[in-house]
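Accompanying notes for the structure given below.
The first residue of the sequence shown is numbered 1, and numbering continues consecutively from there. In each ligand, atom 1 is the first atom listed, and ligand 1 is the first ligand listed.
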Amino acid sequence: MSREERGQDPTTPFYDRPTGGWGSLKSVLKHAAKDRIRLGVVETLRRQNKPGGHMCTSCAWAKPPSPHLAEFCENGAKATIWDLTRDRCGPDFFARHTLAELRTWCDHDLEAVGRLTHPMRYDPSSDRYVETTWPEAFKAIGAKLRGLDPKSTVFYASGRASLETSYLYQLFARLYGHNNLPDSSNMCHETTSVALKSTIGEAVGTCVLDDFDHCDLMLFFGQNTGTNSPRFLHPIQQAVKRGCKIVTFNPIRERGLVEFTNPQSPTEMLSRRGTPISDLYLQLRPGGDIAAIAGICKHLLEIGAVDRDFIAEHGHDFDAFEAWIHASSWDDIEAASGLPRTDLVEVAEIVAASQRVIGIYGMGLTQHVHGSDSIGMLVNLLLMGGHIGRPGTGICPVRGHSNVQGQRTVGISEKPELVPLDRLSELFAFDPPEDTGMTTVDVVQGVIDGTVRGFIGLGGNFARAIPDQHQADPAWARLDLNVQIATKLNRSHVLVGDGAWLLPCLVRAERDRQRTGPQAVSMEDSLSHIHGSMGRRPPASRHLLSEPAIIAGIAKATLPPKPQVKWDDWVGDYARIRDLIEATYPDQFRDFNDRLFQAGGFYRGNSARRRDWQTDSGKAQFTKPQSLSALGEEPGQGIFTLITLRSNDQFNTTIYDFHDRLRGLEGDRMIVLISRPEMERSGLAEGQRVTLVSAVEDGVTRRIEGLSVVPYDLPPGCVAAYYPETNPLVPLAWHDRASKTPAYKGAPVRIET
Ligand SMILES: Nc1nc2c(c(=O)[nH]1)N[C@H]1C(S)=C(S)[C@@H](COP(=O)(O)OP(=O)(O)OC[C@H]3O[C@@H](n4cnc5c(=O)[nH]c(N)nc54)[C@H](O)[C@@H]3O)O[C@H]1N2
Ligand SMILES: Nc1nc2c(c(=O)[nH]1)N[C@H]1C(S)=C(S)[C@@H](COP(=O)(O)OP(=O)(O)OC[C@H]3O[C@@H](n4cnc5c(=O)[nH]c(N)nc54)[C@H](O)[C@@H]3O)O[C@H]1N2
Ligand SMILES: [Mo]
């Protein structure tokens, strides 16, 4: 179908080919050529995501028990090639560049220098990182930590670190004396952890892979599968082929949910024919999901398509929810969702005709001021039809980083109530702190106002990923301690001041040899399955340490010795760390070491899937949202809602290249997408340079200059631009009310010419 036939503006950028296919193969080959890929790396890719191989460091999508010959996607291949580059960022590089100079480099150029090779210490007199040794670094960091109030320090984790590393990290924090353990999920699916916990009693999704073979409807809300979890396209394509319906809600027509060519299928590749994916693709307003779902529920109630038996047995507070739906008018629903009643009625009819429904979502739901309410609404819709806790049904948040869900599972959490502190206390003979720790938003505020004194970053690029980045930028240099454990150079490493260390670690595909021989690590995927991972590539430098070894090194230098705490034994044999995880979580990690390499991973279970509701009421909770829009405030005259976007050529703040193939955008990330009618209304021309300015009036100026205008097929009232370039436009106070996940998909802005 052509763009005209679809009723879309034919002159806006558009990618008219399916996701996957030759485009994705070409993109991988280009990166392979650029990074002068070797045969060994191809062998590594062949083993990626298979038992005995290493688990991809890209997304957290499930790894099936019978993998494809190449069970990786364009992104997974790029991530591995990026990790295994031959380029190096060593002491000679740092001798040539001051941090003042490096702060002027863009994100792509910083990381593209190559792998970090030596432990480095920041030297303020020369404004450079200088080489140090591991013992010196540990000793100095330990001394600094001993001099600080533990409650003024933060141990951040980006969602890549293994279960073994994560367990040691949270233990170190608690032995030291705090629960300040935000991880990247604080900017991501924390909304899920809070909203699902309170409604269905589990902080994670209920689906397993098998459900995707049995559902007859998948509802997609704000999750860009083609770009962010491409391996998920395989089960989706299979489902479509057996007649499963797909309905998508997204302000942007994302290619992956429109059409997909399986690069693993010779017939599809040769015929250049893809599978059409969505039966209905509804471009709602950003933040319009609460209203859209309300409309669907309203029609379901009108036609009586409600599972009253299920609700009577399992539901709580349904009456209040039903009354709220009745009280919401179609006019308000249409206005808040941006969708006509007829569309929502059509979806409701599809829902009513389906026996087994799965609700799938991503950042389009979680990153809003009322993100928790949006998730609550999706739960309401599923519960109305009894679509949780039956094969082929369920709720499926698609997680981001490859072990972000697992980190929370093994105790990286600022919420002590989610952690078995009594078990930790018994195992290690101490009194773990019981006060609630800092979330990401609290940490940023603490860095700005000076109450945070020490920061350890276990991976990630915290200073760049946060909202209100420019407010925090100058404050980082005032910390007493800033330790960054990383693989490649990024902005967080160059914003530091006195008391900073940059510590390089192994990547997952690299051999990790300890006292008892080569070590495996493990991670949990989006569907709660635990997988072992074994790296085999030679390390990028002989000075690298593993993440567990670095955590243990710092912990030993900080804490007084204790017979129950055996850092050296644990680092010498990671199986001992897995024993500790099993001892702390005996139900979920039974026989952990024996099951480490089980094909498809082992399932750690889910109470909501068994309809055992671990909520306050002991039932599945219906909820009433605070308003029909997730935006919090309706944007006024001349104000646009900013959606921050990822391209398929980036992984968060790691920018591989400047293309966004699946959206037909090439070569430039400093752009702002806006619809043609809105361009006309605002008097903007294609290619014109504009400034985006935050429309939040709180005395702080937030602006990003030099964005060029690109006409794009978007609903009225919104603009889109890239993350992380436009992060300084998102005010810190703009976050989900319940979980404090930043509202990266709903910041109000004005356009200045
Ligand atoms: N290639 C690649 N893969 C990645 C990542 C990456 O950066 N690059 N990041 C990883 C991480 S950490 C994460 S968390 C995931 C993120 O993966 P996703 O959850 O897919 O997140 P985004 O791409 O930020 O946004 C998803 C979609 O939400 C839509 N959207 C925006 N606002 C709304 C709204 O109000 N309602 C609805 N219904 N939709 C809306 C956007 O148009 C977009 O298509 O991906 C992971 N995988
Ligand atoms: N505007 C806007 N902001 C957002 C989002 C958005 O959609 N819009 N999304 C949010 C989301 S969902 C997330 S998850 C966060 C991401 O925030 P983070 O997880 O903090 O950021 P990343 O960009 O994933 O981190 C990349 C860095 O991790 C390091 N690294 C890579 N691999 C390893 C490893 O194996 N070990 C160690 N120690 N380090 C490693 C490298 O040095 C690399 O530079 O950003 C959030 N910020
Ligand atoms: Mo994420």
Side-chain angles (χ1 to χ4, degrees), residues 57-61 73-75 78-79 82-83 107 110-111 116 156-162 165 183-189 220-225 227-230 248-254 257 282 284-289 292 361-368 371 374 397-402 404 440 457-467 469 484-493 503-508 547 550 630-631 641-654 656 714 718 720-727 729-730 741-742 744-747:
T57 48
S58 194
C59 81
W61 184 248
C73 63
E74 173 181 342
N75 299 345
K78 278 186 207 163
W82 191 252
D83 277 355
D107 300 290
L110 288 171
E111 278 213 36
L116 297 164
Y156 169 70
S158 160
R160 272 199 178 102
S162 65
T165 307
D183 77 354
S184 57
S185 80
N186 259 203
M187 298 182 249
C188 182
H189 270 291
F220 274 86
F221 290 88
Q223 202 274 327
N224 186 6
T225 318
T227 292
N228 297 326
S229 45
T248 301
F249 295 83
N250 196 315
I252 300 180
R253 284 182 68 85
E254 305 284 22
L257 291 168
L282 302 177
L284 81 178
R285 292 180 53 193
D289 305 86
Y361 68 92
M363 301 299 99
L365 282 204
T366 64
Q367 295 177 336
H368 277 295
S374 306
V398 182
R399 305 298 301 251
H401 270 301
S402 51
V404 66
T440 284
L458 175 57
N461 188 1
F462 187 83
R464 185 62 162 151
I466 53 177
Q469 186 211 325
Q484 298 282 340
I485 302 164
T487 54
K488 289 198 168 181
L489 187 62
N490 67 42
R491 192 152 312 276
S492 300
H493 309 155
L503 306 179
C505 65
L506 296 172
V507 297
R508 210 180 281 160
E547 288 176 328
I550 296 172
L631 294 181
T641 302
L642 169 68
I643 307 176
T644 55
L645 290 178
R646 311 171 137 77
S647 79
N648 73 305
D649 239 351
Q650 77 182 88
F651 193 92
N652 298 336
T653 70
T654 296
Y656 300 123
L714 280 177
C718 67
Y722 286 116
Y723 146 58
E725 287 81 352
T726 51
N727 277 41
L729 293 170
V730 183
T741 305
Y744 294 126
K745 303 288 186 264

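Of all the heavy atoms of N490, the ones lying under 4.0 Å from any atom of ligand 2 belong exclusively to the side chain. Residue D289 touches ligand 1 through its side chain alone, judged by heavy-atom distances below 4.0 Å. Within the 4.0 Å heavy-atom criterion, neither part of H189 lies near ligand 1. Contact annotation: for M363 versus ligand 2, heavy atoms closer than 4.0 Å belong to the side chain alone. Contacts of R646 with ligand 2, taken as heavy-atom pairs under 4.0 Å, involve the side chain alone.
The nearest heavy-atom contact from the protein to atom 23 (O) of ligand 2 is T653 OG1, 2.6 Å. If you check which protein heavy atom lies closest to atom 41 (C) of ligand 2, you get T487 OG1, 3.4 Å. The single protein non-hydrogen atom nearest to atom 14 (S) of ligand 2 is S184 CB, 3.7 Å, given as residue, atom name and distance. In terms of protein heavy-atom proximity, atom 47 (N) of ligand 2 is closest to A465 O, 2.8 Å. Among all protein heavy atoms, the one lying closest to atom 31 (C) of ligand 2 is R160 NH1, 2.9 Å.
Remark: R160 pairs with T57, H401, S402, R508, F651 by the side-chain contact (heavy atoms from CB on, under 4.5 Å) rule, at least two apart or across chains. A search for side-chain contact (heavy atoms from CB on, under 4.5 Å) contacts involving A292 returns F249, L284, S337, L339, L344, not counting sequence neighbours.
Backbone and side-chain nitrogen or oxygen atoms of R285 are examined, and none is located within less than 3.5 angstrom of a nitrogen or oxygen of ligand 1. Considering backbone and side-chain atoms together, G400 places no N or O closer than 3.5 Å to any N or O of ligand 1. Checking only distances, G288 never comes within under 3.5 Å of ligand 1, N or O to N or O. When only interatomic distances are considered, the shortest N/O to N/O separation between E254 and ligand 1 falls below 3.5 Å. Backbone and side-chain nitrogen or oxygen atoms of N648 are examined, and none is located within less than 3.5 angstrom of a nitrogen or oxygen of ligand 1. By the 3.5 Å distance cut-off applied to N or O atoms, N727 is counted among the residues near ligand 2. The shortest N or O to N or O distance between S58 and ligand 1 is not under 3.5 Å. Not one N or O of C188 is nearer than 3.5 Å to an N or O of ligand 2, by distance alone. By the 3.5 Å distance cut-off applied to N or O atoms, C505 is not counted among the residues near ligand 2. Of the polar atoms of N75, at least one N or O is found under 3.5 Å from an N or O of ligand 1, judged by distance alone.
Less than 4.0 angstrom separates some heavy atom of I485 from each of these atoms of ligand 2: 37 (C), 38 (N), 39 (N). Against a heavy-atom cut-off of under 4.0 Å, Q367 is close to the following atoms of ligand 2: 5 (C), 6 (C), 7 (O), 9 (N), 10 (C), 12 (S). Every atom of ligand 2 is numbered from 1 in the order shown, and the set under 4.0 Å from a heavy atom of Y156 is 17 (O), 18 (P), 19 (O), 20 (O).
Within the set T641, T225, N228, the minimum heavy-atom distance to atom 18 (P) of ligand 1 is found for N228. Nearest-residue assignment for atom 36 (N) of ligand 2 (options R399, Q650, E547, E111; heavy-atom criterion): E547. For atom 40 (C) of ligand 1, the candidate residues are P724, P251, G460; the nearest heavy-atom contact is made by P251. Nearest residue to atom 45 (O) of ligand 2 from Y723, F462, W82, F651 is Y723 (criterion: closest heavy atom). When the options A157, A463, G459 are ranked by their closest heavy atom to atom 39 (N) of ligand 2, first place goes to G459. If you check each of M187, H493, K488, E725 against atom 42 (O) of ligand 2, the one with the closest non-hydrogen atom is K488. Comparing heavy-atom distances from atom 26 (C) of ligand 2 across T654, V404, L458, D107 singles out T654 as nearest.
Using a 4.0 angstrom heavy-atom cutoff, L284 counts as in contact with ligand 1. At least one heavy atom of K745 sits closer than 4.0 Å to an atom of ligand 2. Distances from ligand 1 to the non-hydrogen atoms of H368 include at least one value under 4.0 Å. Look at V730 and you'll find every heavy atom at least 4.0 Å from all atoms of ligand 2. Under a 4.0 Å heavy-atom criterion, T57 is not in contact with ligand 2.
Under a 3.5 Å cut-off, the side chain of N727 and the backbone N or O of Q469 do not form any donor-acceptor pair. Between the side chain of D107 and the backbone N or O of T654, no donor-acceptor pair lies under 3.5 Å. Within the 3.5 Å criterion, the main-chain N or O of G362 finds no donor-acceptor partner in the side chain of H189. Counting only distance, with no hydrogens or angles, the side chain of T644 and the backbone of Y744 share a donor-acceptor pair below 3.5 Å. With hydrogens and angles disregarded, a donor-acceptor distance shorter than 3.5 Å links the side chain of N490 to the backbone of S492. Counting only distance, with no hydrogens or angles, the side chain of H368 and the backbone of L365 share no donor-acceptor pair below 3.5 Å.
Counted by atom type alone, E254 and T225 present zero donor-acceptor pairs between their side chains at under 3.5 Å. With hydrogens and angles left out, the side-chain atoms of N224 and R646 include no donor and acceptor closer than 3.5 Å.
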List the steps, then state whether side-chain hydrogen bond (donor to acceptor under 3.5 Å, both in side chains) holds for T653 with N461. CA-CA 7 Å; T653 70; N461 188 1; 2.9 Å; yes

